[in-house]
J.: 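Take a look at this one; I'll ask things after.
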Amino acid sequence: MLIVKLNAIDSTNSYLRKLSAKEIIQDYTTVIAKEQTQGRGQMGTVWSSEASKNLTFSVFKEMSQFHLEHPFYISIVTSLALLKTLQFFSISRLSVKWPNDILSEDKKICGILIENVIKQNNINASIIGIGLNVNQTEFKNLPKASSLKIISGKVFDLDEIVHAILKNLEHYFLLLEKGQCHILKNEYEKYLFRKNKPSTFKDVEGSIFSGFIKGISQSGNLQVLLEDDITKEFDLKTIELLY
Ligand code: BTN
């Protein structure tokens with residue numbers, strides 16, 4: 001497994017994507033940056049992280065052998081690898097806020113940005129970007145953000161955490177390769193933030209409504225039990241959980 005360490009780069013996801021367009025990259029090649037000047041989050045947002053305090057890295061995962069019907073399984077595998085790692089480091093009250101924000105004590109400690117490389121209508125590879133807040137203790141204007149240090153009071157070794165994440169990623173991708181989708185989906189659902197609790201959502205039109213999160217569908221849509229006992233499925237860009 002090749003690990004590339006950079007002092008500064010615009011974005012480790014962008015770096016790995018450009019590299020993969022130029023040359024053949026080994027499975028699980030990982031690029032870690034001490035600092036990102038243009039860190040990217042989901043849906044065009046910015047990911048900011050104090051230099052050298054946190055983990056900002058991307059993993060190149062070969063996907064052509066999977067013939068995945070539902071790309072959301074890449075999110076499930078990544079979330080589970082992170083949850084298992086964080087559990088190993090005794091991080092308390094872990095959950096996954098759909099689709100793939102990792103929370104501890106109801107605060108976001110980790111974000112995931114998955115970008116797929118498509119070839120002939122198939123996912124050929126995935127660039128899995130992970131931003132994990134580790135030793136940073138101040139998050140200006142981000143009241144819902146936290147870090148491992150804030151949660152546990154301990155300072156963590158960044159390398160030790162990356163190695164554990166990579167090991168767990170391999171483990172969960174192996175399960176996916178073996179077709180153990182139901183096990184992965186069940187485990188992911190066990191960690192779902194606000195599962196079976198009354199929650200408030202916003203849809204694309206900006207309307208606010210309430211319901212209970214019940215689980216996810218095979219394709220990764222969020223299943224919400226609404227009034228009148230109707231369960232509706234929402235796809236990624238159509239619903240936001242307000243909390
Ligand atoms: C999110 O929660 O919005 C996703 C954040 C993902 C951030 C990581 S940091 C490493 C990789 N490079 C990026 O530019 N983004 C991801």
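In listed order, ligands and their atoms are each counted from 1. Everything numeric here is computed off the predicted structure, so don't read it as measured data.
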J.: What distance separates N54 CG from L158 CG, expressed to the nearest 0.5 Å?
T.: 7.5 Å
J.: Would you mind listing which atoms of ligand 1 come within a distance below 4.0 Å of any non-hydrogen atom of G39?
T.: 14 (O)
J.: Nearest 0.5 Å please: distance from the CD atom of E189 over to the CD atom of Q223.
T.: 7.0 Å
J.: What protein heavy atom sits nearest atom 9 (S) of ligand 1, and how far away is it?
T.: Q36 NE2, 3.4 Å
J.: Please work out, at 4.0 Å between heavy atoms, whether the side chain, the backbone, both, or neither of S58 comes within that distance of ligand 1.
T.: side chain
J.: Nearest to atom 3 (O) of ligand 1 by heavy atom, K97, Q42, E115: which?
T.: Q42
J.: In this structure, are over 12 heavy atoms from other groups packed under 6.0 Å from E138 atom CD?
T.: no
J.: Looking at G129 and N13, what are the two nearest heavy atoms and their distance?
T.: CA-OD1, 3.0 Å
J.: With side chains defined as the heavy atoms from C-beta onward, is the minimum distance between V204 and K237 less than 4.5 Å?
T.: no
J.: Which one of D10, T12, I32 has a non-hydrogen atom at the shortest distance from atom 11 (C) of ligand 1?
T.: T12
J.: Please verify the inter-ring angle class for Y28 with F173; under 30° counts as parallel, over 60° as perpendicular, anything in between as tilted.
T.: perpendicular
J.: At a 4.0 Å threshold, what atoms of ligand 1 neighbour a non-hydrogen atom of R40?
T.: 5 (C), 6 (C), 7 (C), 13 (C), 14 (O), 15 (N), 16 (C)
J.: Would you say that T200 contacts I208 through its side chain, given a criterion of any heavy-atom pair below 4.5 Å between the two side chains?
T.: yes
J.: May I ask you to identify, for M43, whether its side chain, its backbone, both or neither come under 4.0 Å of ligand 1 on a heavy-atom basis?
T.: neither
J.: Would you say the rings of Y73 and Y172 are close, in the sense that their centroids are separated by under 6.0 Å?
T.: no
J.: Tell me which protein heavy atom sits closest to atom 5 (C) of ligand 1, plus the residue, atom name and distance to 0.1 Å.
T.: W47 CE3, 3.4 Å
J.: May I ask you to identify the nearest protein heavy atom to atom 2 (O) of ligand 1, giving residue, atom name and distance to one decimal place in Å?
T.: K108 NZ, 2.6 Å
J.: Report, in ascending order of atom number, the atoms of ligand 1 lying under 4.0 Å from any heavy atom of D101.
T.: 2 (O)
J.: Under a 4.0 angstrom heavy-atom cut-off, which atoms of ligand 1 come close to G41?
T.: 1 (C), 3 (O), 4 (C), 5 (C)
